[in-house]
Structures are given as C-alpha cells and as structure tokens.
Amino acid sequence: MSEESTEKYIVTSALPYVNGIKHLGNLVGSLLPADVYARYLKRKGKDVIYICGTDEHGTPAEISALKENLPVEEYCKKYYEIQKRIYEGFHLDFTYFGRSSAPESHKITQEIFLKQWENGFIFEKEDEQLYCLIDERFLPDRYVVGTCPHCGYERARGDQCENCSALLNPTELINPRCTICGKDQIEVRKTRHLYLDLPKLEPEVREWVEKQTHWPAVTKGIAMKWLNEGLKPRAITRNLKWGIKVPLKGYEDLRFYVWYDAPNSYIGITMQWANKIGKPEIWKKYWKDPDNTKLIQFLGSDNVPFHAIMWPASLIATRDNYVLAHMIKGFNWLTYEGGKFSTSMNRGVFTDQALELFPADYWRYYLMLIAPERQNTDFKWEGFAEAVNKDLLGSLGNLVNRVVSFLNKNFDGVIGKVDKNDPEVQALIRALKKGLENYVKEMDSYEFQKTVIILRDLWQEGNRFFQQRAPWKQVKENKEKAHVTLSAVAHFVRGIAILSEPFIPKTSETIFKNLGLDPSEVHLITLDHVVDFDSLEGKKVSSDPEILFQKIEKKQVQELIKRFGGREEKKKTKQKKKGNQKKGTISYSEFSKLDIRIGEIKTAEKIEGSDKLLKLTIDIGSELRTIVSGIGHLYTPEELIGKKTPVLVNLEPKKLKGIMSEGMLLMTGNDDIGWYFLIPEKDVPNGTKIM
RNA sequence: AGCGGGGUGGGGAAGCUAGGUUAUCCCGCGGGGCUCAUAACCCCGAGACCGAUGGUUCAAAUCCAUCCCCCGCUACCA
C-alpha cells in the first residue's frame with residue numbers, strides 16, 4: 001500500500017435539525033460547501049467519506065411532533081425522508097446521510113460517555129427545574145413564560161425578560177405558565193443532571209486550539225473567545241423521553257442533551273454506513289487513525305463553539321484515539337434581499353421550493369459565488385438571475401454550445417489533432433494549467449468564492465480564444481487551422497468540465513455528453529488529467545447537443561420577488577412595526593442627522609387638482625427650495641409669503657402631485673386646536689441652523 | 001446593551017494577517033468589433049479623495065487610536 005492511500009479524509013456538514021424544511025441559508029452554510037469540498041478531494045483522488053444526517057433529538061422535535069399529531073419517531077422519520085430527498089435533489093453526494101437517532105448513534109454516544117465517566121470527567125449536580133403537571137415534562141427555559149419579578153412584565157420568558165432585558169432563571173418567574181399547553185399547572189421539582197467537567201479539560205483544549213493556526217478567522221476568533229472567558233461545566237443530560245439513555249444505574253430517567261449527542265453522530269452515521277455496506281469495522285479506519293485522517297468540518301458560525309470547543313473536549317475526555325478536527329470552516333450568514341430569512345413572515349426561499357423553480361446547479365453555482373465566507377452576504381433574485389444569465393449561460397453554456405455546433409457544421413462533429421506548436425494554442429494550454437494551479441491553491445485554502453471566480457475566468461478564457469481565432473473566418477481560408485482551433489477548444493472545455501464538477505456536477509455531465517464522452521466519467525477523472533489536449537482526437541461530439549442553461553427573464557425575476565417577498569415587503573413590515581410602537585429613544589448621532597434650518601417663504605401657489613397642497617418656494621439661506629406642503633386649507637398663499645419657519649432640509653425628496661418636494665415645514669398643533677408656525681423669538685438670517 | 005462581521009468607482013465584491021510600481025474583478029454605463037453561438041461573444045473607454053478624524057512611517061486602503069454608520073446574532077429558526 002502506498003503512502004498516498006493511507007491518507008484519509010472525513011468531510012462533515014453540520015447536521016440539519018430534523019424540524020421541518022430548511023432555507024437556502026442552511027444549504028450554503030454547511031451542506032453545499034461540504035459537498036463541493038468532498039467532490040474536490042475525490043477529484044484529487046483522495047480516500048474521502050462525506051458524512052451528514054438529521055439531528056433528531058431534543059425538545060423542538062417532540063413539540064413539533066405533538067403539533068403534527070405524530071409520535072416523535074414517526075415525525076422524525078417523515079422529515080428525515082423529506083430532507084434526504086431534497087438534498088439528493090441538490091446532488092449532495094453523501095457517502096451516507098444518516099440519523100442521529102439510529103442505534104449506532106446511541107451506541108457510540110454511550111460508549112464515549114462511559115469512557116469519560118471512567119476517566120473522571122463527569123459529575124452530578126442537583127438543580128431545580130419547572131415541571132408541567134399537564135404535559136408531564138420538565139420545561140426547558142424557552143418553554144416557560146411568566147411575570148417578570150423585576151418589572152412586572154407578564155410575558156417574560158424563562159431565560160430573559162424582553163421588556164426590561166433582565167436575565168432570569170425560570171424558577172424566579174411569578175405565576176409561570178407552560179407554553180406547550182398554556183396552563184399554569186407548574187411546580188418546581190428538584191432534578192439532578194450530569195455535567196461534563198470542561199474546566200478540567202480546558203488546558204488540553206486550549207493547547208489544541210492554539211495549534212490550529214490555519215483555521216479561518218471566524219472559527220478561531222469564536223473559539224478563543226470561549227476559552228478566554230473560561231469554560232464552565234456543561235450539563236449533558238435533560239429530563240426527556242426522546243433521546244439517548246444514560247447507561248448508568250440510577251440515571252435511567254435521563255436522556256443526553258442534543259448538543260452532546262449530535263456531534264457524536266458524525267461517528268454514529270459513519271457506523272450506520274459501515275453496517276449498511278457490510279463492513280462493520282470500516283468506520284474505525286477513518287475515525288480512529290488520527291495520524292492519517294483529516295477531519296474537515298463545515299458549519300455555520302453559531303455551531304463553532306460546539307465543534308471547536310465542546311466536542312473536541314468531549315473526545316479528549318475519552319482518552320481514546322478519536323480524530324479531532326483538522327479544519328473547521330465556519331460560515332457567516334446569508335440574508336435574503338437585505339433582510340433575514342423568516343419563516344413567520346414568509347420571506348425567503350426554502351430548499352424544496354428552490355428545486356421546483358430551477359435546476360440544482362443554478363443554485364449551487366450562485367450560492368457558492370456568494371458563500372458568506374468572510375462576511376454576511378445577501379441573496380438577491382437579481383443577482384441570481386445575473387449569475388445564471390451571464391456566467392452560466394453567456395459564458396460557459398455559450399462556449400460549449402458554440403464549439404459543438406461549429407464542429408458539427410463544418411467537421412462532421414469530429415475532433416481533430418491539436419497543433420501544440422501554435423503559439424496561441426500554447427497560450428491556451430498555459431491558461432488552463434495556470435487556472436488549475438490557482439484552483440488547487442484556493443480549494444486547499446477552503447476559499448470557495450475565489451475558486452468560483454477562477455472557474456468563471458476560465459470559461460471566459462475559452463470564449464476569448466474562440467473569438468481571437470475566429471474559426472468562422474479560418475474555415476474559409478485555412479480549414480485545417482480552423483480544425484485546430486476547434487479541437488483545442490474542445491479539449492479546453494473537457495478540462496473546465498472536470499474542474500467545474502465539484503460545483504455544478506450535473507452540468508459537467510452534460511458537457512461530457514455533448515463532447516461525446518461518457519457522462520459518468522466526469523465524476524471519476526482526477527485533476528492531473530485536466531490539462532490534456534490529446535485524448536479527444538478522433539472522437540465525435542454529440543450531433544444534438546443539449547442546451548446547458550435557460551435564460552431567466554426580467555419578468556420572471558419580478559414575479560419571484562413578488563412571490564417570495566422582496567425589499568418592498570420588508571419596508572412595509574418595518575414601518576408597520578414602528579407605527580404601532582411609542583416613539584423610542586434615539587441617540588444623539590441619529591438626532592444630529594436632522595438638518596433643520598430657518599427658511600423664509602418666498603412664493604406660494606395652489607396646486608391644480610388639490611385642495612390642501614401648496615407649492616412653496618423657501619429661501620434657506622444657501623438656496624431656494626421647492627416644498628410641497630398640505631396647509632392650503634389653513635392659509636391662503638398670500639398670508640404665507642414672508643413667514644419664517646423651521647424647515648427640515650435633508651428630508652428624502654418626494655414627488656407630490658407631480659412636483660418634487662425637497663423638505664418639510666415644521667409646525668405645531670393638531671386638527672382640534674389648529675396648526676401654528678414656530679416663529680423665532682428674534683429675527684435670524686435665513687438658513688440659521690436649529691440645534 | 002452585549003457579541004460577531006462589514007464600510008473600497010452607480011450596484012456587488014477582492015486586496016488589509018507579512019505597508020511600496022498606473023487599487024483588481026463582475027454587473028451597469030459610453031464607444032467599437034464579430035456573426036460560430038440561447039441577442040449569447042470579444043475589444044477599448046469613462047468612473048474611487050479606499051466611512052471620518054488623528055497618529056506611526058521615507059511611504060498606508062493596508063499598522064495604531066478614537067468616532068460614525070450598516071448588517072447579523074443574542075429565539076435548539078443556520
């Protein structure tokens with residue numbers, strides 16, 4: 001066995017919670033980049049497994065199951081199947097997509113726990129918790145509301161009062177109520193829980209984290225913050241029925257906390273795979289050979305503490321030889337049209353809807369292009385359409401189509417010999433070589449956005465070469481040379497199809513098909529065969545090439561924004577919220593944005609077709625402003641001329657009755673007592689600021 | 001309020017960790033070319049006091065300090 005083959009990789013994506021169908025944000029923050037990376041490693045010829053599955057334990061699953069009137073096991077199975085099918089639709093090429101509730105996950109979690117127990121990293125502590133007599137369950141903090149002991153707010157949550165923002169303990173609440181049944185049949189019960197002794201493990205965790213100099217800023221920053229604040233013991237059990245049992249006498253009523261069992265399921269799911277393929281021991285080859293295995297984990301930044309601190313600590317505490325993460329690639333957040341994805345407000349796109357609208361590769365490409373690697377990024381329908389129309393269709397699709405069509409029209413579809421002495425051809429080969437080099441460099445640094453841009457540049461490079469060589473002219477003057485041009489481009493296209501495979505696997509298949517190659521080959525060829533300008537010689541391209549992408553029309557974009565919620569809707573809801581609230585405090589900096597000055601009304605005239613609006617010209621010192629004001633029923637134009645009044649000068653201009661109004665008169669009063677000008681006590685020059 | 005991320009030509013981003021020739025890319029805009037290709041492609045051009053102020057330095061978008069603004073998280077919704 002060569003040294004190369006003992007090097008193994010485990011790629012994991014954060015386990016999506018079983019509860020319902022996920023947003024695009026969930027895809028882009030872990031599942032998709034993990035898939036792209038695992039595919040990349042396969043393109044490098046590495047021994048790699050890509051592990052993921054649903055995270056099924058915990059209270060939310062139980063509650064959602066209640067709501068759907070299903071036993072929790074059935075509920076989880078249902079959503080496991082649904083999510084699995086969706087991810088297959090996105091061509092996520094898992095080695096195994098399992099479940100955290102499978103027997104293997106129970107087994108490994110219990111095994112890990114027992115080792116920690118033997119090694120003295122687990123202790124018991126008694127605690128008080130609220131218990132709902134109706135639901136017959138202990139209530140997690142979030143499932144209790146009651147009156148705040150500090151401010152008397154009646155709907156304070158178990159952990160914090162929204163009104164006075166005091167941090168609370170659920171047992172402090174006055175008249176606590178259960179949010180599951182809504183009743184107040186609650187009592188305080190003593191309960192004991194098991195804790196993982198993180199303070200004891202801290203030095204080892206710190207030493208390990210400090211060694212990870214190659215982690216991205218998001219990951220390392222969050223991990224160091226936790227360590228610097230000091231680790232506290234963390235409960236690993238809950239009072240639930242749904243979950244993994246604690247394998248100790250006297251603790252049979254307890255279940256492990258989700259945060260504790262979920263990451264163990266990466267191992268558990270690998271075991272599920274191992275059992276399924278009939279090699280029950282093979283999981284150890286990956287998870288218990290830390291010197292030769294690299295664990296690469298993809299997750300959203302909220303998950304970083306669990307993967308960078310808690311889980312490694314947990315594994316270290318076993319004193320066993322489990323693999324710890326080599327890379328934890330944390331992602332920031334994806335927003336939707338400038339705001340957040342929101343289930344309740346029905347804003348944003350769910351993964352199942354996405355697949356009904358467009359092929360998976362459209363999403364894969366755009367999402368990786370805007371992957372929130374170093375900052376939050378925004379999903380925009382216009383951006384999506386642009387990426388599809390310009391990059392995928394205009395650049396890649398066009399290149400593939402034009403070369404295949406041209407070969408069919410002029411050379412019976414046969415690819416010829418590439419003349420490698422031709423300097424322009426040499427330049428094209430060099431460009432592909434260089435592209436490959438950069439691609440590997442960026443992928444090895446887990447830089448997905450940058451890799452996508454390298455791909456896009458290569459697609460353009462193909463078009464440039466095609467344009468520069470103008471085979472449609474060559475074919476008339478020197479048919480042989482035209483054939484060289486087309487053959488070179490065909491080989492180039494083959495190369496970029498392989499490079500593009502991790503990102504747009506289905507498209508790469510189609511490209512291979514159009515080139516007359518076996519589509520499944522594109523998932524097998526390794527990167528060292530990308531730069532190859534010989535292998536297609538004599539081959540025949542497809543006589544009926546498949547169109548790679550469909551254009552997304554402007555009209556369609558507008559419809560999508562309308563259907564899924566766009567900016568307009570966001571504005572409205574924001575205004576609504578504000579309108580319902582009392583005026584809150586503003587900071588001085590916000591106040592200082594207001595530019596209010598004394599202005600003198602120079603002219604005033606009625607606006608045709610309006611009974612209240614007057615068009616005023618106001619001298620604000622530096623200039624004359626046109627302001628439309630609704631005071632026509634209070635004053636005649638003549639009365640207004642010469643009046644001095646405070647004017648809000650930097651108000652966003654707005655068209656009223658077709659006239660641009662560039663400011664606002666400030667007056668006092670209301671409709672009962674009338675409206676009055678605020679006239680300065682002493683005459684001041686026009687344009688004097690009001691502070 | 002606390003925490004995290006960010007402010008770079010009209011829009012979106014790269015560059016900032018290891019300061020240094022004309023600040024890079026995509027879209028848009030202006031002009032030109034091509035007609036093989038899903039009006040898709042290619043070339044040229046205009047456009048940036050790199051959030052503000054102060055500092056370090058021969059030299060700062062890049063380092064330090066202060067401030068301002070935006071977004072997200074703080075709800076087992078990633």
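Computation of the quantities below employed the complete heavy-atom set of this structure, encompassing side-chain atoms and omitting hydrogens, waters and symmetry-equivalent molecules. All figures in this text were calculated on a predicted structure; none of them were measured in a lab.
If you measure from atom CG of A:Asn303 to atom P of B:rU74, you get 13 Å, rounded to the nearest angstrom. Here the C1' atom of nucleotide B:rA14 and the CZ atom of A:Phe448 are 18 Å apart, to the nearest Å. Taking atom CG on A:Asp378 and atom P on B:rC71, their separation rounds to 11 Å, with Å as the unit. For A:Asn332 and B:rC70, the CG to P distance is 19 Å, given to the nearest whole Å. One interatomic measurement links the two molecules: CG of A:Leu399 to C1' of B:rA37, which rounds to 10 Å at whole-angstrom precision. Between A:Glu447 atom CD and B:rG15 atom C1' there is a gap of 12 Å when expressed in whole angstrom units. Residue A:Asp391 contributes atom CG, which lies 13 Å from atom C1' of B:rA40 at whole-angstrom precision. Remark: C1' of B:rA14 and CD1 of A:Ile370 are 16 Å apart, rounded to the nearest angstrom.
Annotation: cation-pi geometry not satisfied between A:Lys540 and A:Phe411 (NZ/CZ under 6.0 angstrom from ring centroid, within 45° of ring axis).
The local environment of CD in A:Glu447 is crowded, with over 12 non-hydrogen atoms from other residues, nucleotides or ligands closer than 6.0 Å.
Residue contacts shown for A:Leu393 include a base, since a base heavy atom lies under 4.0 Å away. Within the 4.0 angstrom heavy-atom criterion, base atoms lie near A:Tyr257. Base engagement by A:Phe466 is indicated by at least one non-hydrogen atom pair under 4.0 Å involving a base atom. Using a 4.0 Å heavy-atom distance criterion, A:Leu334 is classed as a base contact. As judged by a 4.0 angstrom heavy-atom cut-off over every strand, A:Asn376 is placed among the base-contacting residues. No contact: A:Gly29 has no heavy atom under 4.0 Å from any strand.
Of the listed nucleotides (B:rC25, B:rG5, B:rU38), B:rC25 has the atom at the smallest distance from the side chain of A:Arg456. Side-chain proximity of A:Asp302 to B:rA78, B:rC36, B:rA14: nearest is B:rA78. Each of B:rC36, B:rC26, B:rC71 was ranked by its minimum atom distance to the side chain of A:Glu386; first place goes to B:rC26. Set against B:rA78, B:rC71, B:rC42, the side chain of A:Gln467 has B:rC42 as its closest nucleotide. The side chain of A:Lys390 lies closest to B:rG28, out of B:rA14, B:rG28, B:rC36. Checked against B:rG15, B:rA37, B:rG12, the side chain of A:Arg374 finds its nearest nucleotide in B:rG15. Taking every side-chain heavy atom of A:His23 into account, B:rC77 is the closest of B:rC77, B:rC42, B:rG6. Of the listed nucleotides (B:rA14, B:rC77, B:rA37), B:rA37 has the atom at the smallest distance from the side chain of A:Arg402.
A:Gln375 has no side-chain polar atom (N or O) that falls below the 4.0 Å cut-off from OP1 or OP2 of B:rG4. The phosphate of B:rA40 (OP1 or OP2) has a side-chain N or O of A:Lys551 nearer than 4.0 angstrom. The phosphate of B:rA40 has neither OP1 nor OP2 within less than 4.0 Å of any side-chain N or O from A:Asn398. Taking 4.0 angstrom as the limit, A:Lys450 places none of its side-chain polar atoms (N or O) nearer than this to OP1 or OP2 of B:rA14.
Distance check on atom C1': B:rC64 versus B:rG10 gives 33 Å, rounded to whole Å. The same atom, P, is picked in B:rA61 and in B:rG19; the two are 14 Å apart, to the nearest Å. Look at the C1' atom in both B:rC50 and B:rU22: the space between them is 16 Å, to the nearest Å. Nucleotides B:rC73 and B:rU21 have their C1' atoms positioned 43 Å apart, rounded to a whole Å. Rounded to the nearest Å, the gap between the C1' atom of B:rC41 and that of B:rG51 is 39 Å. A gap of 45 Å separates the P atoms of B:rG4 and B:rC44, to the nearest Å. Taking atom C1' on both nucleotides, B:rA13 is separated from B:rG28 by 14 Å, rounded to a whole Å. A gap of 14 Å separates the C1' atoms of B:rG15 and B:rA48, to the nearest Å.
For the pair A:Glu461 and A:Ile453, both in contact range of RNA chain B, the more 5′-proximal nearest nucleotide belongs to A:Ile453. Remark on RNA chain B: of its neighbouring residues A:Pro471 and A:Trp459, the 5'-side contact belongs to A:Pro471, judged by nearest-heavy-atom nucleotide.
Taking a pair as Watson-Crick or G-U wobble with both distances under 3.5 Å, RNA chain B forms stems of 3 or more consecutive pairs at B:1-7 with B:68-74, B:10-13 with B:24-27, B:29-33 with B:41-45, B:51-55 with B:63-67.
Using a 5.5 Å limit on the distance between ring centres and a 30° limit on the angle between planes, the aromatic ring of A:Trp472 counts as stacked on the six-membered base ring of B:rC36.
For the residue pair A:Thr351 and A:Leu24, the shortest heavy atom distance occurs at CG2-N, 4.4 Å. Of all non-hydrogen atoms in A:Pro16 and A:Asn26, the two that sit nearest each other are CB-ND2, 4.4 Å. Between A:Asp261 and A:Phe256, the shortest heavy-atom distance links the atoms OD2-O, 4.1 Å.
Contact check on A:Asp352 versus A:Lys22 returns no salt bridge, with no Lys/Arg side-chain nitrogen under 4.0 Å from an Asp/Glu carboxylate oxygen. Using a cut-off of 4.0 Å between Lys/Arg side-chain N and Asp/Glu carboxylate O, A:Glu337 and A:Lys380 are scored as not salt-bridged. In summary, A:Arg456 and A:Asp391 engage in a salt bridge, as defined by a charged side-chain N under 4.0 Å from a carboxylate O. Using a 4.0 Å cut-off between charged side-chain N and carboxylate O, A:Glu62 and A:Lys241 make no salt bridge. Using a cutoff of 4.0 Å between basic side-chain nitrogens and carboxylate oxygens, A:Glu68 and A:Lys78 are scored as salt-bridged.
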